[in-house]
Protein chains: 2
Amino acid sequence: MINKISTEKCKSSIKALEDAMYVIGGKWTLRVIIAIKDGHTRFNDLQRTIDGISAKVLSGVLKDLEQNGFVKRKVDIGVPVVVEYELLPYAESLQDVLNALVSWGEAHRNKLIKVQEMSIAQP
Amino acid sequence: MINKISTEKCKSSIKALEDAMYVIGGKWTLRVIIAIKDGHTRFNDLQRTIDGISAKVLSGVLKDLEQNGFVKRKVDIGVPVVVEYELLPYAESLQDVLNALVSWGEAHRNKLIKVQEMSIAQP
DNA sequence: CGGGATCCAAACGGATACTG
DNA sequence: CAGTATCCGTTTGGATCCCG
(Lines give C-alpha, C1' and ligand atoms only; values in the text may rest on other atoms or scores of the structure.)
Protein backbone atom coordinates (compact mmCIF):
# COMPACT_ATOMS: atom_id res chain seq x y z
CA MET A 1 0.00 0.00 0.00
CA ILE A 2 2.88 2.29 -0.81
CA ASN A 3 0.64 4.38 -2.96
CA LYS A 4 -2.10 4.96 -0.47
CA ILE A 5 -3.27 8.51 -0.55
CA SER A 6 -3.54 10.27 2.77
CA THR A 7 -7.12 9.96 3.86
CA GLU A 8 -7.63 13.67 4.39
CA LYS A 9 -6.47 14.64 0.96
CA CYS A 10 -8.37 11.80 -0.57
CA LYS A 11 -11.61 12.76 1.08
CA SER A 12 -11.41 16.36 0.00
CA SER A 13 -10.59 15.24 -3.53
CA ILE A 14 -13.64 13.06 -3.51
CA LYS A 15 -15.69 15.95 -2.26
CA ALA A 16 -14.44 18.13 -5.09
CA LEU A 17 -15.09 15.37 -7.54
CA GLU A 18 -18.63 14.97 -6.32
CA ASP A 19 -19.23 18.68 -6.54
CA ALA A 20 -18.00 18.70 -10.09
CA MET A 21 -20.02 15.68 -11.10
CA TYR A 22 -23.08 17.06 -9.45
CA VAL A 23 -22.90 20.24 -11.47
CA ILE A 24 -21.71 18.99 -14.84
CA GLY A 25 -22.26 15.25 -14.63
CA GLY A 26 -25.81 15.29 -15.85
CA LYS A 27 -26.58 13.43 -19.03
CA TRP A 28 -27.17 16.59 -21.05
CA THR A 29 -25.39 19.39 -19.21
CA LEU A 30 -22.17 19.49 -21.15
CA ARG A 31 -23.90 18.86 -24.44
CA VAL A 32 -26.09 21.88 -23.94
CA ILE A 33 -23.08 24.02 -23.10
CA ILE A 34 -21.31 22.83 -26.22
CA ALA A 35 -24.35 23.47 -28.35
CA ILE A 36 -24.62 27.03 -27.10
CA LYS A 37 -20.91 27.52 -27.64
CA ASP A 38 -21.46 26.24 -31.13
CA GLY A 39 -23.78 29.14 -31.82
CA HIS A 40 -27.19 27.74 -31.00
CA THR A 41 -28.70 30.24 -28.65
CA ARG A 42 -32.45 29.76 -29.02
CA PHE A 43 -34.58 27.21 -27.25
CA ASN A 44 -35.97 25.41 -30.24
CA ASP A 45 -32.69 25.62 -32.04
CA LEU A 46 -31.04 23.94 -29.11
CA GLN A 47 -33.66 21.25 -29.01
CA ARG A 48 -33.21 20.56 -32.71
CA THR A 49 -29.45 20.52 -32.35
CA ILE A 50 -29.22 18.26 -29.34
CA ASP A 51 -30.52 15.01 -30.60
CA GLY A 52 -32.96 13.27 -28.33
CA ILE A 53 -33.52 15.94 -25.72
CA SER A 54 -37.09 16.81 -24.81
CA ALA A 55 -38.37 20.30 -24.13
CA LYS A 56 -38.94 19.45 -20.51
CA VAL A 57 -35.44 18.22 -19.94
CA LEU A 58 -33.84 21.03 -21.93
CA SER A 59 -35.81 23.53 -19.93
CA GLY A 60 -34.55 22.01 -16.70
CA VAL A 61 -30.94 21.88 -17.84
CA LEU A 62 -31.04 25.51 -18.92
CA LYS A 63 -32.38 26.52 -15.53
CA ASP A 64 -29.59 24.67 -13.80
CA LEU A 65 -26.99 26.20 -16.07
CA GLU A 66 -28.37 29.63 -15.35
CA GLN A 67 -28.36 29.03 -11.63
CA ASN A 68 -24.79 27.80 -11.71
CA GLY A 69 -23.60 30.87 -13.56
CA PHE A 70 -22.73 29.23 -16.86
CA VAL A 71 -25.47 30.76 -18.93
CA LYS A 72 -27.44 33.96 -19.10
CA ARG A 73 -31.04 34.00 -20.24
CA LYS A 74 -31.63 37.10 -22.28
CA VAL A 75 -35.12 38.15 -23.27
CA ASP A 76 -35.48 40.59 -26.13
CA ILE A 77 -38.93 42.04 -25.93
CA GLY A 78 -40.26 42.58 -29.37
CA VAL A 79 -42.59 41.01 -31.87
CA PRO A 80 -42.16 38.23 -31.44
CA VAL A 81 -40.38 37.92 -28.13
CA VAL A 82 -36.96 36.37 -28.59
CA VAL A 83 -35.19 34.46 -25.85
CA GLU A 84 -31.50 33.83 -26.18
CA TYR A 85 -29.14 31.87 -24.02
CA GLU A 86 -25.57 33.05 -23.95
CA LEU A 87 -22.55 31.57 -22.28
CA LEU A 88 -21.04 33.54 -19.45
CA PRO A 89 -17.27 33.74 -18.94
CA TYR A 90 -17.52 31.19 -16.15
CA ALA A 91 -18.36 28.53 -18.69
CA GLU A 92 -14.83 28.87 -20.03
CA SER A 93 -13.51 27.49 -16.77
CA LEU A 94 -14.79 24.14 -17.97
CA GLN A 95 -12.40 24.04 -20.89
CA ASP A 96 -9.88 21.77 -19.19
CA VAL A 97 -12.57 19.37 -18.09
CA LEU A 98 -14.07 19.31 -21.54
CA ASN A 99 -10.73 18.73 -23.22
CA ALA A 100 -9.83 15.95 -20.83
CA LEU A 101 -13.16 14.22 -21.34
CA VAL A 102 -13.10 14.51 -25.12
CA SER A 103 -9.51 13.27 -25.36
CA TRP A 104 -10.22 10.38 -23.11
CA GLY A 105 -13.40 9.54 -24.97
CA GLU A 106 -11.54 9.45 -28.27
CA ALA A 107 -8.77 7.30 -26.87
CA HIS A 108 -11.29 4.97 -25.34
CA ARG A 109 -13.13 4.58 -28.61
CA ASN A 110 -9.88 3.78 -30.38
CA LYS A 111 -9.11 1.19 -27.78
CA LEU A 112 -12.51 -0.41 -28.28
CA ILE A 113 -11.99 -0.53 -32.03
CA LYS A 114 -8.63 -2.22 -31.61
CA VAL A 115 -10.04 -4.82 -29.26
CA GLN A 116 -12.81 -5.48 -31.71
CA GLU A 117 -10.40 -5.87 -34.63
CA MET A 118 -8.31 -8.32 -32.69
CA SER A 119 -11.30 -10.42 -31.77
CA ILE A 120 -12.25 -10.59 -35.46
CA ALA A 121 -8.71 -11.43 -36.59
CA GLN A 122 -8.40 -14.19 -34.03
CA PRO A 123 -11.78 -15.76 -33.43
CA MET B 1 -20.37 33.69 -35.01
CA ILE B 2 -16.63 34.00 -35.40
CA ASN B 3 -16.05 31.27 -32.91
CA LYS B 4 -18.32 28.69 -34.40
CA ILE B 5 -16.72 25.30 -34.44
CA SER B 6 -16.85 23.40 -37.67
CA THR B 7 -19.80 21.09 -37.46
CA GLU B 8 -17.89 17.93 -38.26
CA LYS B 9 -15.30 18.44 -35.59
CA CYS B 10 -17.95 19.49 -33.13
CA LYS B 11 -20.04 16.42 -33.69
CA SER B 12 -17.18 14.04 -33.23
CA SER B 13 -16.18 15.87 -30.08
CA ILE B 14 -19.66 15.47 -28.77
CA LYS B 15 -19.55 11.80 -29.63
CA ALA B 16 -16.32 11.42 -27.70
CA LEU B 17 -17.76 13.35 -24.83
CA GLU B 18 -20.79 11.13 -24.72
CA ASP B 19 -18.66 8.02 -24.82
CA ALA B 20 -16.63 9.30 -21.92
CA MET B 21 -19.65 10.32 -19.90
CA TYR B 22 -21.32 7.03 -20.59
CA VAL B 23 -18.41 5.10 -19.18
CA ILE B 24 -17.31 7.26 -16.28
CA GLY B 25 -20.24 9.63 -15.79
CA GLY B 26 -22.17 7.38 -13.46
CA LYS B 27 -22.86 8.68 -10.01
CA TRP B 28 -20.48 6.23 -8.36
CA THR B 29 -18.04 5.11 -11.03
CA LEU B 30 -15.17 7.46 -10.32
CA ARG B 31 -15.65 7.21 -6.58
CA VAL B 32 -15.26 3.46 -6.73
CA ILE B 33 -12.11 3.79 -8.80
CA ILE B 34 -10.67 6.26 -6.32
CA ALA B 35 -11.57 4.05 -3.39
CA ILE B 36 -9.79 1.09 -4.95
CA LYS B 37 -6.81 3.27 -5.74
CA ASP B 38 -6.86 4.31 -2.13
CA GLY B 39 -6.24 0.73 -1.10
CA HIS B 40 -9.74 -0.61 -0.54
CA THR B 41 -9.87 -3.78 -2.54
CA ARG B 42 -12.56 -5.88 -0.90
CA PHE B 43 -16.27 -5.65 -1.52
CA ASN B 44 -17.40 -4.88 1.98
CA ASP B 45 -14.45 -2.59 2.56
CA LEU B 46 -15.47 -0.65 -0.51
CA GLN B 47 -19.03 -0.44 0.63
CA ARG B 48 -17.96 0.85 4.03
CA THR B 49 -15.61 3.35 2.44
CA ILE B 50 -17.96 4.76 -0.14
CA ASP B 51 -20.57 6.43 1.92
CA GLY B 52 -24.13 5.78 0.83
CA ILE B 53 -23.58 3.09 -1.79
CA SER B 54 -25.70 -0.03 -1.57
CA ALA B 55 -24.46 -3.54 -2.24
CA LYS B 56 -26.57 -3.79 -5.35
CA VAL B 57 -25.24 -0.61 -6.86
CA LEU B 58 -21.64 -1.34 -5.90
CA SER B 59 -21.96 -4.76 -7.45
CA GLY B 60 -23.22 -3.22 -10.67
CA VAL B 61 -20.52 -0.59 -10.81
CA LEU B 62 -17.79 -3.16 -10.23
CA LYS B 63 -19.13 -5.26 -13.08
CA ASP B 64 -19.10 -2.28 -15.39
CA LEU B 65 -15.58 -1.37 -14.33
CA GLU B 66 -14.47 -4.90 -15.00
CA GLN B 67 -16.10 -4.98 -18.39
CA ASN B 68 -14.50 -1.68 -19.35
CA GLY B 69 -11.06 -2.88 -18.42
CA PHE B 70 -10.47 -0.66 -15.42
CA VAL B 71 -10.59 -3.33 -12.78
CA LYS B 72 -9.72 -6.97 -12.38
CA ARG B 73 -11.70 -9.21 -10.10
CA LYS B 74 -9.36 -11.62 -8.38
CA VAL B 75 -10.67 -14.58 -6.44
CA ASP B 76 -8.34 -16.23 -3.95
CA ILE B 77 -9.78 -19.61 -3.17
CA GLY B 78 -9.13 -20.42 0.43
CA VAL B 79 -10.91 -20.47 3.74
CA PRO B 80 -12.59 -18.19 3.53
CA VAL B 81 -12.72 -17.23 -0.13
CA VAL B 82 -11.30 -13.76 -0.64
CA VAL B 83 -12.32 -11.56 -3.53
CA GLU B 84 -10.15 -8.60 -4.40
CA TYR B 85 -10.61 -5.89 -6.95
CA GLU B 86 -7.47 -4.38 -8.35
CA LEU B 87 -6.99 -1.52 -10.73
CA LEU B 88 -5.61 -2.35 -14.15
CA PRO B 89 -3.16 -0.05 -15.90
CA TYR B 90 -5.93 1.27 -18.10
CA ALA B 91 -7.42 3.00 -15.10
CA GLU B 92 -4.41 5.30 -15.07
CA SER B 93 -5.54 6.73 -18.37
CA LEU B 94 -8.22 8.50 -16.38
CA GLN B 95 -5.71 10.56 -14.46
CA ASP B 96 -6.12 13.68 -16.57
CA VAL B 97 -9.88 13.51 -16.38
CA LEU B 98 -9.75 13.00 -12.66
CA ASN B 99 -7.35 15.88 -12.14
CA ALA B 100 -9.41 18.20 -14.29
CA LEU B 101 -12.60 17.33 -12.46
CA VAL B 102 -11.09 17.65 -9.01
CA SER B 103 -9.44 20.98 -9.81
CA TRP B 104 -12.61 22.34 -11.28
CA GLY B 105 -14.66 21.08 -8.36
CA GLU B 106 -12.36 22.83 -5.89
CA ALA B 107 -12.41 26.06 -7.83
CA HIS B 108 -16.16 25.89 -8.09
CA ARG B 109 -16.52 25.39 -4.37
CA ASN B 110 -14.29 28.37 -3.70
CA LYS B 111 -16.38 30.46 -6.03
CA LEU B 112 -19.55 29.43 -4.21
CA ILE B 113 -18.00 30.34 -0.87
CA LYS B 114 -17.04 33.77 -2.14
CA VAL B 115 -20.50 34.43 -3.48
CA GLN B 116 -21.94 33.36 -0.16
CA GLU B 117 -19.59 35.62 1.79
CA MET B 118 -20.48 38.58 -0.37
CA SER B 119 -24.16 38.02 0.08
CA ILE B 120 -23.64 37.99 3.85
CA ALA B 121 -21.45 41.10 3.80
CA GLN B 122 -23.98 42.99 1.70
CA PRO B 123 -27.45 41.80 2.60
C1' DC C 1 -17.60 -12.35 3.28
C1' DG C 2 -19.46 -11.45 -1.41
C1' DG C 3 -22.86 -10.86 -3.44
C1' DG C 4 -27.86 -12.31 -5.99
C1' DA C 5 -33.14 -12.12 -5.73
C1' DT C 6 -37.09 -9.74 -4.66
C1' DC C 7 -40.13 -6.05 -3.50
C1' DC C 8 -41.35 -1.51 -3.70
C1' DA C 9 -41.19 3.77 -3.62
C1' DA C 10 -39.41 7.56 -5.86
C1' DA C 11 -37.34 9.81 -9.56
C1' DC C 12 -36.72 10.24 -14.43
C1' DG C 13 -38.22 11.23 -18.64
C1' DG C 14 -41.18 10.73 -23.10
C1' DA C 15 -45.54 12.15 -25.43
C1' DT C 16 -48.97 15.15 -25.88
C1' DA C 17 -51.61 19.10 -25.19
C1' DC C 18 -51.79 23.68 -24.00
C1' DT C 19 -50.57 28.77 -23.09
C1' DG C 20 -48.87 33.64 -23.76
C1' DC D 1 -41.47 30.74 -30.40
C1' DA D 2 -40.61 29.41 -25.63
C1' DG D 3 -41.80 27.05 -22.75
C1' DT D 4 -45.36 24.69 -18.82
C1' DA D 5 -48.67 21.09 -17.31
C1' DT D 6 -50.31 16.63 -17.14
C1' DC D 7 -50.30 11.90 -17.72
C1' DC D 8 -47.96 7.80 -17.44
C1' DG D 9 -44.59 4.07 -18.48
C1' DT D 10 -39.71 3.04 -17.42
C1' DT D 11 -35.79 3.02 -14.70
C1' DT D 12 -33.33 3.60 -10.57
C1' DG D 13 -32.11 2.40 -6.38
C1' DG D 14 -32.93 1.52 -1.30
C1' DA D 15 -34.26 -2.14 2.04
C1' DT D 16 -34.40 -6.64 3.18
C1' DC D 17 -33.75 -11.40 2.97
C1' DC D 18 -31.16 -15.04 1.45
C1' DC D 19 -27.42 -18.22 -0.05
C1' DG D 20 -22.74 -20.50 -0.59
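All of these numbers come straight from a predicted model, not from anything done at the bench. Chain identifiers are assigned alphabetically (A, B, ...) following the order of the sequence lines, protein sequences preceding nucleic acid strands; residue numbering begins at 1 within each chain.
Qualifying ring-ring contact (aromatic ring centres under 6.0 Å, His included) partners for B:Y22, counting only residues two or more places apart in sequence or in other chains: none.
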What does the B/S/- profile of nucleotides 1-16 of chain C look like, 5' to 3', with a 4.0 Å heavy-atom cutoff to protein?
SBSS-BB-----BB--
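No more than 12 heavy atoms of other residues, nucleotides or ligands lie within 6.0 Å of NZ in A:K72, so this atom counts as exposed by the packing criterion.
If you check the side chains of B:N99 and B:Q95, you find a donor sitting under 3.5 Å from an acceptor.
One interatomic measurement links the two molecules: CD1 of A:I50 to C1' of D:dA2, which rounds to 15 Å at whole-angstrom precision.
Ring geometry, B:Y85 versus B:F43: the interplanar angle falls from 30° to 60°, so the pair is classed tilted.
Residues B:I33 and B:L88 are members of separate hydrophobic clusters, defined by side-chain heavy-atom contacts under 4.5 angstrom among Ile, Leu, Val, Met, Phe, Trp and Tyr.
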